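Some notes on the structure that comes next.
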Number of protein chains: 2
Amino acid sequence: MPATLRDVAAHANVSVRTVSNVVAGHPHVSDAMRRLVLGAIAELDYRPNPVARTLRTGRTGVLALVVPEIDVPYFAELAREIIDAASGLGYRVMIDQTGHDHDRERALLTGADRTMLFDGILFSPLVTRSELLEMHPTTAMPLVLLGEHEFDGRYDHVAIDNHQAAADATQHLVQTGRSKIAAIGAQPTQAFATPRQRGAGYLAALDEAGIGPRPEYLESAARYHRADGYAAAERLLDLADPPEAILCFSDLLAMGAMRAAADRGLRIPEDLAVAGIDDIEEGRYSRPSLTTVSLDTPFIAREAVSRIAARIDDPTAPAAEIVAPHAVLVRESTTASTPL
Amino acid sequence: MPATLRDVAAHANVSVRTVSNVVAGHPHVSDAMRRLVLGAIAELDYRPNPVARTLRTGRTGVLALVVPEIDVPYFAELAREIIDAASGLGYRVMIDQTGHDHDRERALLTGADRTMLFDGILFSPLVTRSELLEMHPTTAMPLVLLGEHEFDGRYDHVAIDNHQAAADATQHLVQTGRSKIAAIGAQPTQAFATPRQRGAGYLAALDEAGIGPRPEYLESAARYHRADGYAAAERLLDLADPPEAILCFSDLLAMGAMRAAADRGLRIPEDLAVAGIDDIEEGRYSRPSLTTVSLDTPFIAREAVSRIAARIDDPTAPAAEIVAPHAVLVRESTTASTPL
DNA sequence: TTGTACGCGTTATCAC
DNA sequence: GTGATAACGCGTACAA
């Protein structure tokens, strides 16, 4: 049976109030008293019960991180940074996976409000619709949105400029001299922000380069997994007039696409250039290494955590958006000097 | 202000006891009463406060998953399976990263006892010493060990047969006709179980094949990251008499090693065969695809979660060990028929 | 079958 | 500066 505050108080012959003050580091405690209490605490090996504390204060010290799948490298790397950043501010992190299930996203957003299991939610959906957010009253649990780029002034938001990221990558492909540039990662519906924005950025960059869009070059991918990239690349390479370059809307798609090209004996980048978006570590060691757009995950994690902490401390503060920087990283998959 | 049990009772003109019975699904409630209470619950949008429930019952419904780094693909894939399995049993999962810090491991193990933040710990250390476990009294918080293979009868244990896994992989390399077989992933100290056991398995398989061990072929790796594999492979390939094959003690090490070989213009597997252990998805799409030892992560996750749940329900049950199956998966990195 | 009352361990509100 | 005591919301022994 663990020692309680009361036990310590009895042992030190003081009131629970005084012990609580000492534990909380409250200033109004005499030095002698503090030493006395500290001694009793050590002797009884007392540790505060965080559950009781939570019941009283309403704070759990826990953040929820909601991602589609934790084993998608981008989310794993993000989670790592977020857990570290949260730990620095005294928060622990609970991870929830939505799969790609709308109902789970909805349940988490609506249900989490009153449950008091965590103080705030870091919500990084691969697929999301703004209507989903209607489920979440602004006054409810603190929420920080991650990775989308549709700021409506109601929620805190650490955004990625998806449009510009895709445009920059496309522009790079244009600059390498290719004009038959395909894309993988579109989705049949316009409801999901990431594919829509990246798709728009891709088309905008083509347009600016004076390259007309070719519908058959815009391949869809239900999820952003390697297998989806592989399948989509096969469809592209089966075309009568296959592309010279492919922009994949995620690095994982790109890994699949590169493998598909290799399985057909194509050389990358000589026969086909491939670029991704995310900058996961895998792409730095792959053969060829992957040209991609870095999203500055540590920055996103740091901002997200400090922002949710601020909102927890002051729920009335106006919502703010911050856009994470990004940068095209040119590697072998678009510009190898020597064939691999 | 969320509605409480008392509010519901007042609204329905019944006692809190009755409402509690309905919420808990207790059988001894009349049908009319149940409908009445359910109506009040719906009307007030009442949801039980899990913190108060925890304070009362001592159960949090939360499991802690302790891994070195969540962004190491093996752990990310394991976490995914564990979160899913836990969700099926009504548990949520909190993730803690130890880095490779002994103090953090120790703090988690010793400190977690009384904190009541979770009901049990799933502990999957990359580095661990049995002495570390001395920190954790058997009577304390339910604990299930993951991935090591030193059963002492005190802890529940979902083990991997590290020795045999490494031996099987080594044997496969021998069967492909190579005799100059190096290994990456040893560690200067014998304190960490995984490198020691995999190292022993590697040596045992060599011995069985009548191949004498060469100290310069046993390369160490501080962590099991791509960069460590890259650096270790460079050292091996710098040897006057470089190996024809390398067994890497993790797939991530293998990815680094393959990249190092490629950077020297070596062909895999013609000039150098590479094998790993873990079977992360990355190795199924890499060029060449990676021969590895599959560890059946879903099995490990399922067993670990059901075991910790059982122990939470009955802390006095005798500790048990279960060994997860493994299998060598032969891919291109050791046996490609056509050069890539 | 249902109602009453207490305790889980902490923090906060009063007094002194 | 310190002490008593009332909440926080729920589960359950005990009583009815």
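All of these numbers come straight from a predicted model, not from anything done at the bench. Note on naming: letters A, B, ... go to the chains in the order of the sequence lines (proteins, then strands), and numbering restarts at 1 for each one.
For the pair A:Asn21 CG and C:dT10 P, the interatomic distance rounds to 14 Å; values are reported in whole Å. The CG atom of A:Leu55 sits 12 Å away from the P atom of D:dG11 (whole-angstrom rounding). In this entry the distance linking CG of A:Asn49 with P of C:dG7 reads 18 Å, nearest Å. A straight line from CZ of B:Arg17 to C1' of C:dT2 spans 8 Å, rounded to a whole angstrom. One can place CG of A:Asp7 at 8 Å from P of C:dG9, the figure rounded to the nearest angstrom. In this structure, CG of B:Leu36 is placed 14 Å from C1' of C:dT1, rounded to the nearest angstrom. Atom C1' of nucleotide D:dC10 and atom CZ of B:Arg6 are separated by 9 Å, given to the nearest angstrom.
Here the nucleotide nearest the side chain of B:Val16, chosen from C:dT1, C:dA5, D:dT2, is C:dA5.
At a cut-off of 3.5 angstrom, counting only N and O atoms as typed in the model, there is a donor on one side and an acceptor on the other between the side-chain of B:Arg56 and the base of C:dG7. Put simply, the side chain of A:Arg59 and the base of C:dT11 share no donor and acceptor less than 3.5 Å apart. You won't find any donor-acceptor pair under 3.5 Å spanning the side chain of A:Arg53 and the base of C:dT10, going by distance alone.
Residues B:Arg311 and B:Pro318 share a closest heavy-atom pair of NH2-O, 3.3 Å. The two atoms that bring A:Ala12 and A:Ala40 nearest to each other are CB-CB, 3.8 Å, heavy atoms only. For the pair B:His157 and B:Val144, the tightest heavy-atom approach, listed with the atom from each and the gap, is N-CG1, 4.4 Å. Scanning all heavy atoms of the two residues, the minimum distance from B:Leu146 to B:Ser124 falls at CB-CB, 3.7 Å.
Each of A:Tyr46 and B:Asn13 has a nearest nucleotide on DNA chain C; the 5'-most of these lies closest to B:Asn13. Projected onto DNA chain C by closest heavy-atom contact, A:Val23 and B:Ala52 fall at different nucleotides, the more 5' of which corresponds to B:Ala52.
B:Ser20 comes within contact range of at least one nucleobase, with a heavy-atom separation under 4.0 Å. Among the atoms of the strands shown, only primed sugar atoms or phosphate atoms (P, OP1, OP2) are found under 4.0 Å from some heavy atom of B:Val29. Within 4.0 Å (heavy atoms only), A:Leu5 reaches at least one base atom of the nucleic acid. Backbone-only contact: B:Val14 has heavy atoms under 4.0 Å from sugar-phosphate atoms and none from a base.
The pair A:Arg59-A:Asp313 counts as a salt bridge, with a side-chain nitrogen and a carboxylate oxygen less than 4.0 angstrom apart.
At the phosphate of D:dC8, neither OP1 nor OP2 sits under 4.0 Å from any side-chain N or O atom of B:Thr4. A:Thr18 has no side-chain polar atom (N or O) that falls below the 4.0 Å cut-off from OP1 or OP2 of D:dG1.
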